[in-house]
Peer 1: 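Here it is, the structure in full.
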Amino acid sequence: MKNDKKKSPWAWIPTLYFAQGLPYVAVMTISVIMYKRLGISNTDIALYTGWLYLPWVIKPFWSPFVDIIKSKRWWTVSMQWILAFTFAGVAFTIPVPFFFQLTLAVFWIMGFTSATHDIAADGFYMHALTEHEQSLYVGIRSTFYRVATVAGQGLLVIIAGLVETNTGLEPAQLSVVANPAAEQVVASIPKYDIQVADTAGEPRFVYTASQIEVGSVAPAEVDGVPFKAYAAAVRDSVRMLNEANGFVASTAQVDGQQSSEGGVAASTEKESAFTALIRDWFGEERQTVADDIADNIAVVGVRLNKMPVTDEPIILSVTHQSGDQSIKLEQNLLSTRFEFSRDNWDKTAYLFFEIDHKLKDRTEASFVGASGNIPFAWIIVFVALSVFFFAVAMYHSWVLPRPLTDGREAKRSASDILKEFVQTFVSFFQKKQIWVAVAFMLLYRLPEAQLVKLINPFLLDPIDKGGMGLSTGEVGLVYGTVGIIGLTIGGIIGGIAAARGGLKKWLWPMAWSMSLTCLTFIYLSYFQDSSLLVINICVFVEQFGYGFGFTAYMLYLIYFSEGEHKTAHYAICTGFMALGMMLPGMAAGWLQETIGYRHFFIWTVICCAATIGICAFVKIDPKFGLKEKE
């Protein structure tokens, strides 16, 4: 392969895959947070942003055009220029009256542009690097893609929060302390009368209490009512009061509404015969508990100390600032964005907190109420993203190599392009070992596709339900931090190993790595070792094994895509990859609830036979991934 060797892959792979990850996070995550801050209802957010995933689902269908028309380098840089303009488009449409519709339209354009950029960037990666280099840098590209997701979900949201905090009234600080040894006090909705002293000075928000201490253990019942039902009633009262006083928009009752027990109303349908059969044959025997232990609750009121000086409403958004996330500000069913005006400034808005009953030690969380210019904060975020993409597009216009294998000079008519478009799909399914390859794409990750859906629930569920009984904050540390570190290190080491020995040599070790590390969850489910150190070690080992083993999967997709239409074929492979994760994951929850955690984890290990077995049929060139001799 002749290639432009003037630029080191380190000069463009990190920036290319960082740029690949940011638009995806912006469309799928940042948009949701922004709309929530700007007062869009959860129903509309879920409905409309859910469709934004469509471009990534159907991208294989237009990937041949990226392969046929122009070079992958041209597509990559062009899409980055368009992304720069779409980020600017979101920023400029936020202040307009119909911002929701307009920003959604721009996000749609951004989504299709980003999906096209993914196709082109992955294709360029295969053209610009030798097989050995592809193996070596596969872990690096994955790492910087993950860094982009962290930066998008973390750093950019923090920037928006800082702008919100510093452009309005003085931030309203609130501290909630959870203490297992605290006296049991029944939570209620506090009444608040403004004090003369509160009206002095500048306009500001005042809490009914700036610091509260709550027991993590709730009483069994209140006046003969089970505490879970009481907590649900208090939560509903908070919602109705906030709506009645005009702080939030009223919500209509919908099917599947919350029952008086605080959970989704149970279905009256009987368990299917198939589910009963699976439960009887394979389900674990576990003593059932009559009722779940309830999380304790707390309610805090907040209000303005004086009437606003203008007719413009003052928006207060309360969010978690720091501390243990096991002290949760309820946001799924209740809004934490309040609109204060001259009509309701002297009334109290209410916040509803849930305290994880699994907390064993005294802990604290801080919350901040920001009343700054929320639209301006998000304009800043998207302007920053736009500037970044203008810069990265200019940088990549210079730094990306120009491989001779990338693109064609011959002109083609529309009919020729259409024929080649069809031929791209035909040629994919005419490849040698096509059905073995499809089976490999669908089955290699079969254990992990099921396991990944249940790791967090397993860590959170109480001991009596077969889980580990961790608090929300502990899960964030275990899976969201230690697990990510293990996954990243495993991927990097996997890339280095494959570059030295080739994919064929490392396929079996990596497949066993994907398989054997699942045993850590069998250990945890049977011994239920509550030591946080042991849990961290087990999760690290499993995620390291997954990251190491996943290297073989990604390299095989690259290997199988080699040929005339490698870019389009790789996109088709990623479609099968998504299908291989989606279908098993859809059934994983039902299976676990039917047979229990212990037997479910045994089942995932049994599924490892598919991972190992399919490797026996895969044929790989022993030279693939190795450095060519000079």
Peer 1: Should the pair Y35 and F107 be assigned to parallel (<30°), tilted (30 to 60°) or perpendicular (>60°) ring geometry?
Peer 2: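 Taking F107 first and then Y35, their aromatic rings stand perpendicular (interplane angle over 60°).
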
Peer 1: Within a reach of under 6.0 Å around CZ of F99, are more than 12 heavy atoms found that belong to other residues, nucleotides or ligands?
Peer 2: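 Enclosed: over 12 neighbouring heavy atoms sit under 6.0 Å from CZ of F99.
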
Peer 1: Within the distance-only criterion (no hydrogens, no angle test), does the side chain of N245 pair as donor or acceptor with the backbone N or O of K347 below 3.5 angstrom?
Peer 2: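 Absent.
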
Peer 1: Quick test of your reading of the model: are D356 and K328 salt-bridged, counting only N-O distances below 4.0 Å?
Peer 2: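 No, this pair does not count.
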
Peer 1: Inspect the surroundings of CD in E170 and state if more than 12 heavy atoms from other residues, nucleotides or ligands are less than 6.0 Å away.
Peer 2: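 Atom CD in E170 is not crowded, with 12 or fewer foreign heavy atoms closer than 6.0 Å.
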
Peer 1: Taking the six-membered ring where the residue is Trp, are the ring centres of Y597 and F458 under 6.0 Å apart?
Peer 2: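 Ring-ring flag for Y597/F458: true, centres closer than 6.0 Å.
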
Peer 1: Got a sec: does the CH2 of W51 have more than 12 other heavy atoms crowding it under 6.0 Å?
Peer 2: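 Incorrect, the count does not exceed 12.
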
Peer 1: Backbone N or O of G246 within a donor-acceptor pair of the E243 side chain at under 3.5 Å?
Peer 2: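 Between the backbone of G246 and the side chain of E243 there is no qualifying donor-acceptor contact (under 3.5 Å).
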
Peer 1: Working to the nearest 0.5 angstrom, can you tell me the gap between K36 NZ and S335 OG?
Peer 2: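 Going from NZ on K36 over to OG on S335, the span is 5.0 Å.
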
Peer 1: Measuring centre to centre across the rings, with the benzene-like ring taken for any Trp, is F340 within less than 6.0 Å of F205?
Peer 2: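 Yes; F205 has its ring centre under 6.0 Å from that of F340.
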
Peer 1: Under 3.5 Å, is there a donor on one side chain and an acceptor on the other for Q173 and S210?
Peer 2: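 No, no side-chain donor-acceptor pair sits under 3.5 Å.
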
Peer 1: List the atom of F600, the atom of Q450, and the distance in Å for their closest heavy-atom pair.
Peer 2: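 Shortest heavy-atom contact: CZ-O, 3.7 Å.
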
Peer 1: For P308, is there any backbone N or O sitting under 3.5 Å from a side-chain donor or acceptor partner on R342?
Peer 2: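 Pair found, side chain donor or acceptor close to backbone of P308.
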
Peer 1: Relative to the ring of F601, is the ring of F521 parallel (under 30°), tilted (30 to 60°) or perpendicular (over 60°)?
Peer 2: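 Rings of F521 and F601: tilted, as their planes differ by 30° to 60°.
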
Peer 1: Within the distance-only criterion (no hydrogens, no angle test), does the side chain of N179 pair as donor or acceptor with the backbone N or O of A181 below 3.5 angstrom?
Peer 2: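 Pair found, side chain donor or acceptor close to backbone of A181.
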
Peer 1: Tell me if a side-chain donor or acceptor on K453 pairs with a main-chain N or O of E448 at a distance below 3.5 Å.
Peer 2: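 No.
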
Peer 1: Do the rings of W378 and F382 sit parallel, tilted or perpendicular, given the 30° and 60° boundaries?
Peer 2: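 Judged by the thresholds at 30° and 60°, the geometry between W378 and F382 is tilted.
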
Peer 1: For atom CZ of F388, decide whether the heavy atoms of other residues, nucleotides or ligands shown that lie under 6.0 angstrom number more than 12.
Peer 2: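 More than 12 within 6.0 Å, yes.
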
